[in-house]
Trainee: 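If you scroll down you'll find the structure; I have some questions about it.
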Amino acid sequence: MRVGFGVLGPVVAWDRDADGRAIALKGPRHRAVLARLIVARRRVVPVSRLVEDLWTAPSPGAVGAVRTFVAALRRALEPDRPPRAPARLLVTEGPGYALRADADAVDAWRFEQDVAAAATLPPDGALARLEEALGRWRGPAYAEFADEGWARGERSRLAELRLHAVERQAEARLALGRAAEAVPDLEAHLAEHPWREGAWRALALALYRTGRQGDALAVLRRARTLLVEQLGLDPGPELRRLESDILAQAPHLAPATARGGGAAQVWADAAAAYDRTVASGARTRLESTVGLLRDLSMTGGGGLLTARRQRVAAVAAAEELGDPELTARVIGAYDVPAIWTRLDDPEQAATIVAAAERTLAALAAGLEAPDDRLPGVEPPDHGEPSGQTPDRESSGHEASGHEAPHHREPDHAGHEPTGHETPGPGTSEPEAPGHEDHGHEAPGRGATAHEAPGRVAPGHADTGHGAPRRGASGHGVGGREVTGRWVSGREAVGRGSSAPGGDGRGAPGHSTFGRGTAGEAATRHDAIRARLLATVAVESRGGHSGRGRQAARQAEEIARRLDDPALLAFALNGVFMQSFDRAGLAPRRDATGAELIALSARHGLVAFEVLGHLIRLQARSALADFASADRHAAAAERLGERHERPLVKVFTEWYRALRLAATGRADEAEAAYRDAATRLDGAGMPGLERGLLPLALLCLRVERGRPAPTDPDLDWGPYAPWARPLVLLARDRRAEAAAALRTVPEPPRDLLLEALWCLTGRAAIALGDRETMARARTALAPAAAELAGAGSGLLTLGPVSLHLADLGG
């Protein structure tokens, strides 16, 4: 168990390997011992000093009491430590004790690291780092020990560092032309700490740059009054100079001189105008906020973490207003493309899914809409045996007798049962020269009986119902030309309104909602319902429940019926996330990726075009078609660089390490994996980061027939159950390995499904566990034509067929 400690507020501890589960620390004396050792920063604190710090008048039994407290803390912090084994975290050394916590295990230490790092970064990087650092505070440092002498110095030091961080954060915002954002935090900061001249200067400058010259001067006069009347001091030279410059409207104060030039000025002017014009409690602010959060999430790092956290807050605020339509728009507007199939924050995802389900129910009740379990669409059989699927996957068009080619079930050889050849291992998929996938229609409702999946005859984008599909040319929906984007910068087609800022998505926008005929109202209702369903599908990834798959099918059906490209792209993201109900489905995902690329390229949906390339990178890797995967990696990187999507390279760097592993260059692959892992640090994707490097290195070893690594400090993260039997075998602990194998759960339905089954199978072979071998063989059989794990785009254990042969298949 990796333990984290919090002292920026009440003293707490948590299990970092169990999503932050709190660790019980018993009474206040136990917490005092822990806090005192944290203050010592890994140094030894003698028992005699602990006694002096904990008691004003120690009793004769105080030393024994301290030892009792330490023993109880050790049991709480290292519950799995064998009896009489030496402690590794709270250690005995010389005359006392020390807490050997990792450098990143204590929130105060991480806060200090972040503030120090921010000082070396440009304003954009510094701002993200400082926001993350300040977010660690839960209250005053060492809150319950405010009166203790041993805590006083550390509390003062941390409090001063926090004040410095708040002011540095404001400076970074000013440098980036985000003056309006700096104002409220600075006002709150100065209300508690009115003697900080640097904060007064920053607030006055922020107000001036948002067009509030009078307020800026008033702030400077208030600062002067406080300093003179309370402290008998005149303002310093910087405050006096700023007042003169504001009165003279000095050119160097203009926001255009801030970092970013004209773009920064446009942002500052627009933000200031919005702040002045739109009331602070206006509902439209929630929708505008979600648009900003959507864009912020794609910056990665602290931006992604902040976006996820604030998204939950925005949804909660919308629900408080009791307006299901507003809540639906707030939930559905966050259509951030998702490529990784493990959740970064399961608790937050569950909160969003629950809110979406409540809103669906409220819409159905309030608008007398049909239930979301559409007629003709049966929910999946939750009791379906592992490794098997129904003969047909419900696609949302089955009721009319049509089925999308890209949802038909491929056979075990990687062929679609449509009469068309699907590119298999070692082959290249057809692509337009010089432009990956953009020159042809992706498989979908439009593929006819005479066309291979991935192509549509020029000028004929058939819906499968005999009528040409609108929007297949360079025009927008219903023949409209695609002309613009949302004010928030989202890629969209001009649907629903020709007014500036009109809704570009098919979710009801401000310009159309509440107007029009009953038919238009029904269409709007269907569109927002589809966005909620797509949200459920995307946020339910990796689970075994059939609800996510059902929601994905329904969202796709509605999007195709409404002929809404942006809505369809979001729905297809949900389809992708729910395409792991068994092994061997890389061809199906390849077709989904191809449709996303073609759809997005036609309609300017850049984020989803990147997603399509990454999906195809994964699928073509699974099919050992690395020439095509290389092209998709390059296309994704070009789009990422052009449109400032830094997270793209996280995935393409891991893909290049996988490619080395798959082509037999194991030593180079190991080095490449270690380099790629550094890109995950601070990327804001803990669901991808934790345990991935050890898992990749384990796969390299297993494929070469070598034992698993046995370093006790390796963090296997969520993959520990599948690695443990092999690690125990490498330590020659066969009985424990056999017991561990019996408790290995069925792998989550995600991109590592085949890889984890192969690891289970290898352990079963080594232990002669025929029952588990049979289960692994059955689960892996549909993927016989694929490379195990390569569908993740991250790692591989080689051809599934070789594992099947060893398993007796």
Side-chain angles (χ1 to χ4, degrees), residues 19-20 135 283 286-298 303-364 372 488 490 505 507-508 527-556 558-559 566-567 569-578 607-608 611 684-688 748-750:
D19 298 321
R283 298 184 176 198
L286 278 176
E287 295 181 74
S288 300
T289 298
V290 175
L292 291 171
L293 293 178
R294 180 186 185 278
D295 294 337
L296 180 62
S297 71
M298 297 185 196
L304 177 55
L305 294 172
T306 299
R308 279 202 299 266
R309 183 172 61 252
Q310 294 302 322
R311 177 195 184 191
V312 174
V315 171
E319 284 198 291
E320 286 177 5
L321 296 172
D323 183 344
E325 292 171 359
L326 172 66
T327 303
R329 294 198 299 271
V330 169
I331 294 172
Y334 193 88
D335 54 350
V336 176
I339 184 65
W340 188 237
T341 47
R342 280 182 181 264
L343 292 162
D344 290 310
D345 192 324
E347 184 177 347
Q348 284 185 351
T351 299
I352 295 296
V353 169
E357 296 284 20
R358 286 193 298 271
T359 307
L360 282 166
L363 287 173
D372 289 318
S488 66
R490 304 182 205 179
R505 293 191 175 270
I528 61 174
R529 196 163 60 89
R531 285 189 166 273
L532 291 171
L533 291 164
T535 299
V536 170
V538 170
E539 299 295 344
S540 301
R541 66 190 87 164
H544 291 270
S545 168
R547 174 54 174 161
R549 279 181 285 165
Q550 180 198 46
R553 290 197 300 269
Q554 292 172 1
E556 181 190 11
I558 294 171
L567 180 57
F570 188 23
L572 288 175
N573 197 172
V575 168
F576 164 71
M577 282 296 171
Q578 297 297 328
F608 285 103
L611 175 66
M685 297 184 290
L688 178 64
R749 295 177 178 178
D750 62 19

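Remember, it's a predicted structure, so these values are computed and weren't measured experimentally. These values consider heavy atoms only, across backbone and side chains, with no hydrogens, waters or symmetry-generated copies.
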Trainee: How long is the straight-line distance from CG of Leu296 back to OG1 of Thr306, given to the nearest 0.5 Å?
Mentor: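 Going from the OG1 atom of Thr306 to the CG atom of Leu296 covers 6.0 Å.
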Trainee: Tell me every residue that passes side-chain hydrogen bond (donor to acceptor under 3.5 Å, both in side chains) with Arg541, counting only those two or more places apart in sequence or in another chain.
Mentor: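 side-chain hydrogen bond (donor to acceptor under 3.5 Å, both in side chains) check on Arg541 returns nothing, list empty.
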Trainee: For Ala530 and Ile558, which heavy atoms make the closest approach, and how far apart are they?
Mentor: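 For Ala530 versus Ile558, the nearest heavy atoms are CB-CG2, 3.7 Å.
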Trainee: Return the set of residues passing side chain to side chain contact (heavy atoms under 4.5 Å, CB included) with Ala559 (not counting sequence neighbours), or none when no residue passes.
Mentor: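 If we apply the side chain to side chain contact (heavy atoms under 4.5 Å, CB included) test to Ala559, skipping adjacent residues, the hits are Leu567, Leu568, Ala571.
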Trainee: List for me each residue that meets side chain to side chain contact (heavy atoms under 4.5 Å, CB included) alongside Ser297, sequence neighbours excluded, and say none if there are none.
Mentor: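 So Ser297 forms a side chain to side chain contact (heavy atoms under 4.5 Å, CB included) with Leu304, Ala307, Tyr334, Val336.
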Trainee: Which residues pass the salt bridge (Lys or Arg N to Asp or Glu O under 4.0 Å) test with Asp750, sequence neighbours left out?
Mentor: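 So Asp750 forms a salt bridge (Lys or Arg N to Asp or Glu O under 4.0 Å) with Arg342.
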Trainee: How long is the straight-line distance from CD1 of Ile352 back to OG of Ser540, given to the nearest 0.5 Å?
Mentor: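 If we round to the nearest 0.5 Å, Ser540:OG and Ile352:CD1 are 11.5 Å apart.
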Trainee: Quick one: CG on Leu305 to CE on Met685, what's the gap to the nearest 0.5 Å?
Mentor: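 So the gap between those two atoms works out to 10.0 Å.
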Trainee: Kindly compute the distance separating CG (Leu360) from CD (Gln554), expressed to the nearest 0.5 Å.
Mentor: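 Answer for the CG-CD pair, Leu360 versus Gln554, is 8.5 Å.
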Trainee: Can you list every pair that meets side-chain hydrogen bond (donor to acceptor under 3.5 Å, both in side chains) and has a residue in residues 311-320, with sequence neighbours left out?
Mentor: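 Sorted pair list: Arg311-Glu539, Glu319-Arg358.
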Trainee: Is any side-chain heavy atom of Val353 closer than 4.5 Å to one of Thr535?
Mentor: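 They are not in side-chain contact.
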Trainee: Give the minimum heavy-atom separation between Gly332 and Arg531, together with the two atoms involved.
Mentor: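 Taking Gly332 first and Arg531 second, the nearest heavy atoms are O-NH1, 3.0 Å.
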Trainee: Does the side chain of Glu556 reach to within under 4.5 Å of the side chain of Leu533, using non-hydrogen atoms?
Mentor: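 No, their side chains stay 4.5 Å or more apart.
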Trainee: Any heavy-atom pair between the side chains of Leu321 and Leu286 that's under 4.5 Å?
Mentor: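 In contact.
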Trainee: Return the minimal non-hydrogen interatomic distance between Val330 and Ala318, and the atom names on each side.
Mentor: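 In this case the closest contact between Val330 and Ala318 is CG2-CB, 4.0 Å.
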Trainee: Indicate whether the side chain of Arg547 and that of Gln550 have a donor and an acceptor atom separated by less than 3.5 Å.
Mentor: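 Yes, because at least one side-chain N or O of Arg547 sits under 3.5 Å from a partner of the opposite role on Gln550.
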Trainee: Gln348 vs Arg309, test: side chain to side chain contact (heavy atoms under 4.5 Å, CB included). Steps then yes/no.
Mentor: CA-CA 8 Å; Gln348 284 185 351; Arg309 183 172 61 252; 4.2 Å; yes
Trainee: Quick one: do Glu325 and Arg329 satisfy side chain to side chain contact (heavy atoms under 4.5 Å, CB included)? Show the steps, please.
Mentor: CA-CA 6 Å; Glu325 292 171 359; Arg329 294 198 299 271; 4.1 Å; yes
Trainee: For Phe608 and Asp335, which heavy atoms make the closest approach, and how far apart are they?
Mentor: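 Smallest interatomic distance, heavy atoms only, reads CZ-O, 3.5 Å.
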Trainee: Return the minimal non-hydrogen interatomic distance between Pro686 and Asp344, and the atom names on each side.
Mentor: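 Taking every non-hydrogen atom into account, N-OD1, 3.2 Å.
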Trainee: Can you see which heavy atom on Val538 is nearest to which on Ala338, and at what distance?
Mentor: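 Scanning both residues, the minimum pair turns out to be CG1-CB, 4.0 Å.
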Trainee: Does Val290 reach the side chain of Arg294, with side-chain heavy atoms less than 4.5 Å apart?
Mentor: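 Result no, sub-4.5 Å side-chain heavy-atom pair not found.
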Trainee: For Gln310 and Thr289: C-alpha separation, side-chain torsions, deciding distance, then whether side chain to side chain contact (heavy atoms under 4.5 Å, CB included) applies.
Mentor: CA-CA 9 Å; Gln310 294 302 322; Thr289 298; 5.8 Å; no
Trainee: Quick test of your reading of the model: are Arg308 and Asp345 salt-bridged, counting only N-O distances below 4.0 Å?
Mentor: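 Between Asp345 and Arg308 there is no salt bridge, as every charged N stays at least 4.0 Å from the carboxylate O atoms.
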Trainee: Could you list the residues that satisfy side chain to side chain contact (heavy atoms under 4.5 Å, CB included) with Ala328, not counting sequence neighbours?
Mentor: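 Ala328 satisfies side chain to side chain contact (heavy atoms under 4.5 Å, CB included) with Thr359, Leu363, Ile528, Leu532 only.
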